[in-house]
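This report refers to the structure that appears directly beneath it.
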Amino acid sequence: MSMDDRFDDLAASLDGFYRTWAVYLGLELGLFRRIRAAAPSGVTAAGLATQAGCQPEVIDTWLRLAHAVDLVDLEGDRATMDEHIARVLLDDQRPEYLGGQFVSTVVSSLDHEALVEFARSGRPMEVRPPRYHRAIEALTAQDIAVFFQEGLAALPDLAAALAGGGRVLDVHCGGGKWLIAVATQFPETTLVGVEREPDSLARAVRHVQESGLSGRITIEGRPGEDLPWPGQFDLVYFQDAIHDVLDPVASLRAAWACVRDGGRLVVLDWCLPETLEDSRSVHGAMMWGIQLDQLFQGTRLWDHAGFADLFVQAGIGTPGIVDLPSGATIFIAQRS
Ligand SMILES: C[S@@+](CC[C@H](N)C(=O)[O-])C[C@H]1O[C@@H](n2cnc3c(N)ncnc32)[C@H](O)[C@@H]1O
């Protein structure tokens, strides 16, 4: 690449930074949702500002930025948006949903003041604020879509088992949205969620109450290493969680003990790229960015072999590994 090309390439990353913030604002203020709803005639900046209860000059500037970075289209003074962009940013029931990733990336960066010092000291941040946990819930909406649309398609035996009912345990259940989705899709199941973060626990309890499924879903506040249900579950599940816990081997060992004969332990997570070539992909670059944030908070991701080794260390044996189209991976062990 020439010097000029390198300059343009780096400048494009700065545009990307502002683009990310434009997405964040567009989601948080409901701007994309309103622009999408205004199709086909579109909406003006003034109309958008009134609808969203925001300052006209700020929304006008946001709209010009969003147009400049190809998030919305401006024709004269009316804004519309491409339906494919709307799907990726807004439709959290799709495996390709990225809106939550944008929200959590921006919210994570609010804590990055201490990142430079962390690089020197190696001492991770002590605790993430509740805003981060709420943002993670937006992000893991994608994992739920991935589990249902890609994971169950790849694991028809698991889908059939859930259709037949059984007891399900979600370890580190966050705000409980996966439990609600499973209970809704598989009406014969009964479910337990375990969560240790007080704010996430409170959200999970509230969400289950609001869903009207309190009779079938129980939420318990406890760490994932402390699971007092030996041999009682047909499915024990970790979604985007095993990489986050302080002692993943102890967590897996405790979870495996809860699996009854014929039952399954399933981990859905995202692996680091294995090769330098894979690192240069859009997905690979995102994974290394996420890993930096993980290290900053004292946790970490692994590659396929690293995740599988946790199962071996926990005495479970080598898990089955299923790579999904979205880039997520399922690790699965079944008790015989
Ligand atoms: C990314 S969240 C995923 C939550 C949920 N499974 C979901 O999909 O929304 C990771 C979970 O790991 C757990 N966790 C986070 N940090 C932890 C820490 N430092 N020690 C132990 N567990 C932690 C929390 O229970 C948190 O809910």
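Just so you know, ligand 1 is whichever comes first in the structure, and atom 1 is the first atom listed for that ligand.
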So is Arg300 actually on top of Trp288's ring, under 6.0 Å and inside 45° of the axis?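 The answer is no; the distance or angle limit is not met.
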Protein heavy-atom partner closest to [atom] - residue, atom, separation in Å:
{"atom": "atom 17 (C) of ligand 1", "result": "Asp244 O, 3.2 Å"}
{"atom": "atom 22 (N) of ligand 1", "result": "Arg196 CD, 3.2 Å"}
{"atom": "atom 15 (C) of ligand 1", "result": "Glu197 OE2, 3.3 Å"}

Could you tell me whether [X] and [Y] have their ring centroids closer than 6.0 angstrom?
{"X": "Trp21", "Y": "Tyr18", "result": "no"}
{"X": "Phe147", "Y": "Tyr237", "result": "yes"}
{"X": "Phe186", "Y": "Trp178", "result": "no"}
{"X": "Phe331", "Y": "Phe307", "result": "yes"}

One pair to check against ring-ring contact (aromatic ring centres under 6.0 Å, His included): Trp62 and Phe32. What are the steps and the verdict? CA-CA 11 Å; Trp62 175 85; Phe32 291 127; 5.4 Å; yes
Could you say whether the N/O atoms of [X] and ligand 1 ever approach to under 3.5 Å?
{"X": "His172", "answer": "yes"}
{"X": "Gln239", "answer": "yes"}
{"X": "Thr140", "answer": "yes"}
{"X": "Ser200", "answer": "no"}

For the side chain to side chain donor-acceptor pair (under 3.5 Å) test, which of Arg128, Arg131, His133 pairs with Asp199?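 So the option named by the test is His133.
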Is it the case that more than 12 heavy atoms not belonging to Arg64 sit under 6.0 Å from its CZ atom?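 At most 12 heavy atoms, drawn from other residues, nucleotides or ligands, come within 6.0 Å of this atom.
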Identify, by atom number and element, the atoms of ligand 1 in contact range of [X], meaning under 4.0 Å from any of its heavy atoms.
{"X": "Ile136", "value": "1 (C), 2 (S)"}
{"X": "Asp240", "value": "1 (C), 2 (S), 3 (C), 10 (C)"}
{"X": "Glu195", "value": "24 (C), 25 (O), 26 (C), 27 (O)"}

So which bit of Leu246 gets within less than 4.0 Å of ligand 1, heavy atoms only: side chain, backbone, both or neither?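 It is both parts that get close, each with some atom under 4.0 Å.
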contact_flag Asp143 ligand 1 heavy-atom lt 4.0 Å: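 Under 4.0 Å: no for Asp143.
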